Structure formats: C-alpha cells, structure tokens
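The structure appears below as structure tokens.
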Amino acid sequence: HERLSLAFERTGDPVAALRHHRAFYAVEREVQGERAAARARTVALQFETSRVRQEAHFERQRNEALADVNAALRSANDEKSALMEKLSHQATHDMLTGLPNRALLLDRFEHALVTAARYGRSLAVMFIDLDGFKLVNDTLGHHRGDELLIEVSKRFQATVRDCDTVARMGGDEFTVVVSEFQGHADASRVALRLIEALKAPIRLDDHEVTITASVGVSLFPEDGDQAEALARYADLALYRAKEEGRNTVRFYAPEMNETVQERSLIESALHGALERDEFALHFQPLVGVDGRTLMVEALLRWTHGVLGAVGPDRFIPSAEDSGAIVAIGNWVLRTALRQLAQWRAQGFEVQRVAVNVSPVQLSREDYVDSVTSALLESGLTGSSLELEITERIIVRDLQRVSLRLEALRLLGVTVAVDDFGAGYSSLSYLARLPVDVLKIDRTIVAAVGSQGAGERLVAAILAMGLALGLEVVAEGVETDVQFAALTNLGCQRFQGYLWTKPLPPTAVTAWLSRMPNPSGLLYLKP
Ligand code: C2E
Ligand code: CA
Ligand code: CA
C-alpha cells in the first residue's frame, strides 16, 4: 500500500503506478523465490552433510562393533584353546605337584626307549617310594601330607637334568626316567642324589619333618627292552629296597621275582594270624659284666600253618604296611608283661622286660593309653617295662614322639634306642630325645676285635652314650674277644649268642633257675 500510493504520488497515473507496482512485485517475488530455493538447497546440503556425517558415524560404530565382536570371538577362541590346553595338561599331569602323571610318563618312557634303542644308549627307570609317608599323613593330616609331596616333587625335579622325566604315579610314589648316562655307576649316582635331596628337613607349618625314600632301579638294555617289564622290575627292586631297611637304593636282579611272591604270600597269611593264635614270644637275656641275667627282651615268633616258622624280619614290614602291627604289638606288650609277672611270682629277679615298638604304633595318638592299660592289666608298674624304639621313628616326627616318650617315662617306663648306629645315627636327635638306654647295633659289634675302624666306632658310641648318661647295651655279642673288648671300653650290658639265643618261656625259666655261674663268664681285665 505504501509503495503503491508512493508510485501514484510520483506518476500521478493510477494505472502506471499499478503496473509499476506489479512489475516490482514480480521481481521481488522472483528474488524471494530464488532466495527460498537457495535456502532450500542450503538446507538440503546441510541435511546431506549431516547425513553423510551420520553415515560415517554409523559406519564407524558398525566397524567398532564388528571389531568388538571379532575381539570377543578371538578371546573366546583363546579361552577355548587355553581351556583345551589346561584340560590336556590335566590329563597328563598330576594336579597336586604339576609333575607328569602316569599316562604321560608311560608315553615319554616308550619314546625314550625307542630313541635309546636307535642310538644304542642306556636308560634307567627309578621307582621311588617315600618311607612312612602314611605316618606323616596320619599324624600331621592330609593337608601337610600334600605340602610335603609338593616340596618333595620340587626337590626331585631340581635333582635331575632337563632331559630326564620326574613323574608322580599317585600317592607317595614317583618315577624318574634317566636317559643318556654312562653305565651302572652313573645311575647309582642319580639315585643317591634323589635320596640326598630329602636330607634337609621339610618345614610344614609348625612341624619339621624329615622324610626318606627308597629307590628301585631297572636298566635298559641290561634288564629288558620292554617298558612294561622294566617298570615291573624297578618295582621289584623298590620292594627289596624297602625290605632292606628303606632309605636306600636297589638295582633289579632276576631273583627278586621270588621275594615279592613270598611277600604277598606273607601278607595274606598274616591276615587273622592273631585270631588263630599263631604268635609266640621268645625271650633273650641281657646280661651284666658278670654274666648275670639282668633283664630279658621279648622277640616275636610266628608259625603259620602252611608257611611254617617265619622270622620277624620277614613279616614285620608286611604287618607295618597293613597296619596289623598295631594289634600284634599290643598282644606282644600284654603277653610280655604277663610273662614277666609270672617269673616274678616264681621268685625270679628280672629287672624288666624289653619290648620292640614299631614306628607305626608309636605314631598313634592312643599309644600311651594302650601301654597304660597293658600295665594295669598285668598289675606291674612302668618300671618293669622297657620300650625299644628305632631311629626310624626318631627322624620322623620328633616333637610328638618326644612328648609320648616323655609321658611314658613319667609312668616309669624305660626308653631304649634300638639298633643304634645301623641307620641314620642321628646323634643330634639322641641328645634331644628322652631316652635312657642305647643299644649298639650288632653289625657294629661284629666289627669289634677285627682291629679296624669298628672298634673305634664302638668306642666313640660308648663314650658318647655314657657322656649323655645313658645305659649302653652291646647287641649280638658272639665271641669272647668281642665281649673282652667291649668290657674294656666300659660297656656294662650285653646280649647275644655268646650267652644264649632267644628262648621260649619255659627254657627261659630253666635258664633263670640255673643262674649261670658268674665266674664262668666273668671277664677279668688283664
Ligand atoms: P632286634 O630288636 O635287634 O632283636 C635282636 C635280634 O638279634 C633278634 O632277631 C635276635 O635273635 C638276634 N640276635 C640276638 N643275639 C644275636 C647274636 O649274637 N648274633 C646275631 N647274629 N643275632 C643275634 P629276631 O628275633 O629275628 O628279630 C629281628 C628283629 O625283628 C628284631 O631286631 C626287631 O627289630 C624285630 N622284632 C622282633 N620282635 C618284634 C616285636 O614284637 N615287635 C616289633 N615291632 N619288632 C620285633
Ligand atoms: Ca630290639
Ligand atoms: Ca637291635
């Protein structure tokens, strides 16, 4: 309106003004239209830009998601293969110690055999069994037993070379396959190193335990060329090592086959022997310098219906393995005390009766109780009883054993260390243990009088025992020469064939009533 009235004022012609106004409008509209189009294009462009940008963003997101999925897949795969690896490790390794298990060992052993055969090399198979591991498990608990096995594994592994295999077969059994060595001596060295590796005590929480091992060895190609046979032979050799006192190495020899058959025969024959009343006690006197009987040692005898008489050295290891020794030992204790009471009732002076105690018995919580009730049953006091323990138990669980021995001594019981010098000769333990008597092993006594180191050894043991205030007994005295030498060294008590073998009770009664003429046996110092 304003513009139209302005044009009318300027031209004075309403038509021209209108025309002009229309033209102006047309231009104006055109311009506006173009502007709108431009705006629309800008908007479209903006839209397009943001679309592209968004697309890129989506693309990136898609890629990232893809990468994530890929990574997830990859890690799932890794996890799977790790799991597979773990599974296959578990199938071939022992969970507790991480050592190869029986299956892997057999595999490696077969391989090693093939290689050794191809290149003309030797191979040794060593079966190792820890001595009295069951005892550790029973007395200190499975947890500590496991800890012990782990430590033992570590020590074994550190002992052998990388090319050798140490495997755990289960329980306390290990196998070592040794390759690339030169002959028998080399194999012995390795086996001894394995035993040596256990020498240092093992700390289990607040306990310090010393464990020993027995090793059985078979050799390729000397003993055989089949894995299965060699394994069986190493096992036989191990049996023999166990029988011969443990803590030792034995190599397979063909005659061992018979021993093992006998052993399993004994084990089954022993079953029910107590109920069938197949046991008896013999007694061997312990004499003083003047030959007078001071006391007696009870020694177990077994006569089986079929096997006949079987010596304690042959059946006690089996009885210990099966645990039968607990009931048998209890029978020995009660029977020995009853017999002593009877001799006393007949007027014989016998200081006390000595009874051999197995480590398996002494490791039991109820051992002191069983001694107490045996004493009560016999009507005798503790001073009538001497318990003979071996060094085998001493090195095992010193603390608990010491406490039990201390409790027994409070009852008046005498504690003797048997077979001293035969095994570990743990002099340091001896000083710390509550013992009263030292019995020098007969293998050492046998060396007396032969002018060798034997005599010096006995002299040293005697001097040490006496210095510790112990009563020292020489076992297995067979000759006058030995008796003379031992007396000169200051020994006061003797036991051996020089006086008599172990005798059945009636023969002991006769022996006691004869009261051997002291002067006949008295050794006069020159
Ligand atoms: P030990 O306790 O050292 O018993 C002494 C062994 O030496 C006995 O053998 C005895 O007969 C033998 N002996 C005695 N004097 C002489 C001698 O002058 N020369 C020789 N060469 N030997 C002599 P035995 O009766 O065959 O007993 C062997 C082992 O069996 C015993 O050795 C002991 O460790 C074990 N034993 C015997 N009875 C029992 C028992 O009731 N319980 C336990 N746990 N072990 C027992
Ligand atoms: Ca004995
Ligand atoms: Ca002995």
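Counting starts at 1 for both ligands and their atoms, following the listed order. Nothing fancy with the numbering, it's 1 onward along the sequence. The model shown is predicted, which means the values in this text are computed figures rather than measured ones.
Atom 7 (O) of ligand 1 is flagged as protein-proximal [any protein heavy atom, distance under 4.0 Å]. Under the 4.0 angstrom criterion, atom 26 (O) of ligand 1 counts as having a protein heavy-atom contact. The presence of a protein heavy atom under 4.0 Å from atom 36 (N) of ligand 1 is confirmed.
Taking 4.0 Å as the cut-off, Glu320 does not count as a neighbour of ligand 1 on heavy-atom distance. At a 4.0 Å cut-off, at least one heavy atom of Glu475 sits close enough to ligand 1 to count as contact. For Gly311, the closest heavy-atom approach to ligand 1 does not fall below 4.0 Å. Proximity of Arg301 to ligand 1 is established by a heavy-atom distance of less than 4.0 Å.
Of the protein's heavy atoms, Asp418 OD2, 3.9 Å lies nearest to atom 1 (P) of ligand 1. Protein heavy atom in closest approach to atom 11 (O) of ligand 1: Pro502 CG, 3.2 Å. The protein non-hydrogen atom at the shortest distance from atom 42 (N) of ligand 1 is Asn356 O, 3.5 Å. Of all protein heavy atoms, the one lying nearest to atom 16 (C) of ligand 1 is Tyr497 CE2, 3.2 Å. Nearest protein heavy-atom contact of atom 32 (O) of ligand 1 is Arg442 NH1, 4.5 Å. Protein heavy atom closest to atom 38 (N) of ligand 1, with residue, atom name and distance, is Leu300 N, 3.1 Å. Atom 3 (O) of ligand 1 has Asp419 OD1, 3.1 Å as its closest protein atom, hydrogens excluded (heavy atom only).
A salt bridge does not link Asp235 with Arg232: every distance from a Lys NZ or Arg NE/NH1/NH2 to an Asp or Glu carboxylate oxygen is 4.0 Å or more. Taking the charged nitrogens against the carboxylate oxygens, Arg246 and Asp131 have no contact shorter than 4.0 Å, which rules out a salt bridge. Salt bridge annotation for Arg144-Asp206: present, with a cationic side-chain nitrogen under 4.0 angstrom from a carboxylate oxygen. Ion pairing between Glu365 and Arg404 holds under the 4.0 Å rule for side-chain N and carboxylate O. Between Glu196 and Arg193 there is no salt bridge, since no side-chain nitrogen of the basic residue lies less than 4.0 Å from a carboxylate oxygen of the acidic one. The pair Arg352-Glu471 meets the salt-bridge criterion, with a side-chain N (NZ, NE, NH1 or NH2) lying under 4.0 Å from an Asp/Glu carboxylate O.
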### Task
Show your working on side chain to side chain donor-acceptor pair (under 3.5 Å) between Ser370 and Arg364 and close with a plain yes or no.
CA-CA 10 Å; Ser370 67; Arg364 287 173 60 99; over 6 Å; no
#### Entry: Audit row: Asp436, Thr414, side chain to side chain donor-acceptor pair (under 3.5 Å) steps and yes/no
CA-CA 6 Å; Asp436 312 280; Thr414 306; 5.0 Å; no
#### Entry: Test log, rule side chain to side chain donor-acceptor pair (under 3.5 Å), inputs Glu267 and His271
CA-CA 7 Å; Glu267 233 172 78; His271 195 79; over 6 Å; no
### Task
Before giving the answer on side chain to side chain donor-acceptor pair (under 3.5 Å), spell out for Asn330 and Gln361 the whole-Å C-alpha distance, their side-chain angles and the decisive distance to 0.1 Å.
CA-CA 9 Å; Asn330 205 22; Gln361 294 173 270; over 6 Å; no
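Aromatic rings of Phe483 and Trp499 (six-membered ring for Trp) have centroids within the 6.0 Å cut-off, being under it.
Each of the following atoms of ligand 1 lies closer than 4.0 Å to a heavy atom of Asp313: 28 (C), 29 (C), 30 (O). Per-residue contacts place Val332 under 4.0 angstrom from the following atoms of ligand 1 (heavy atoms of the residue considered): 41 (O). Applying the 4.0 Å criterion to heavy atoms of Glu478 picks out, from ligand 1, the atoms 17 (C), 18 (O), 19 (N), 20 (C), 21 (N). Near Gln284, meaning under 4.0 Å from any of its heavy atoms, are these atoms of ligand 1: 14 (C), 15 (N). Listed by atom number, the atoms of ligand 1 under 4.0 Å from Gly496 heavy atoms are 15 (N), 18 (O).
Using a 4.0 Å cut-off between heavy atoms, Thr390 makes no contact with ligand 1 at all. Contacts of His282 with ligand 1, taken as heavy-atom pairs under 4.0 Å, are absent altogether. Only the side chain of Glu297 comes within 4.0 Å of ligand 1, judged by heavy-atom distances.
Between the side chains of Thr500 and Trp511, no donor-acceptor pair of N or O atoms lies under 3.5 Å.
Considering just the N/O/S atoms of Asp419, the one nearest the Ca ion (ligand 3) carries the name OD1.
Here Glu475 meets the criterion, with an N, O or S atom under 3.0 Å of the Ca ion (ligand 3).
Under the side chain to side chain contact (heavy atoms under 4.5 Å, CB included) rule, Lys439 has a single partner from Thr390, Asp418, Val417, which is Asp418.
In this structure, Lys501 satisfies the cation-pi test against Tyr497, with its NZ or CZ atom closer than 6.0 Å to the six-membered ring centre and inside 45 degrees of the ring normal.
Residue Pro312 holds the heavy atom nearest to atom 30 (O) of ligand 1 of all those in Ala354, Gly329, Pro312. When the options Ile316, Leu299, Ile328 are ranked by their closest heavy atom to atom 39 (C) of ligand 1, first place goes to Ile316.
Within the 4.5 Å cutoff, side-chain heavy atoms of Asp129 are placed close to those of Glu173. Considering only heavy atoms from C-beta on, Leu198 comes within 4.5 Å of Leu130 through its side chain.
Between the OD2 atom of Asp418 and the OD1 atom of Asn356, the angle centred on the Ca ion (ligand 2) amounts to 90° when rounded to 10°. Here the angle at the Ca ion (ligand 2) defined by OE1 in Glu388 and OE2 in Glu297 stands at 90°, rounded to 10 degrees.
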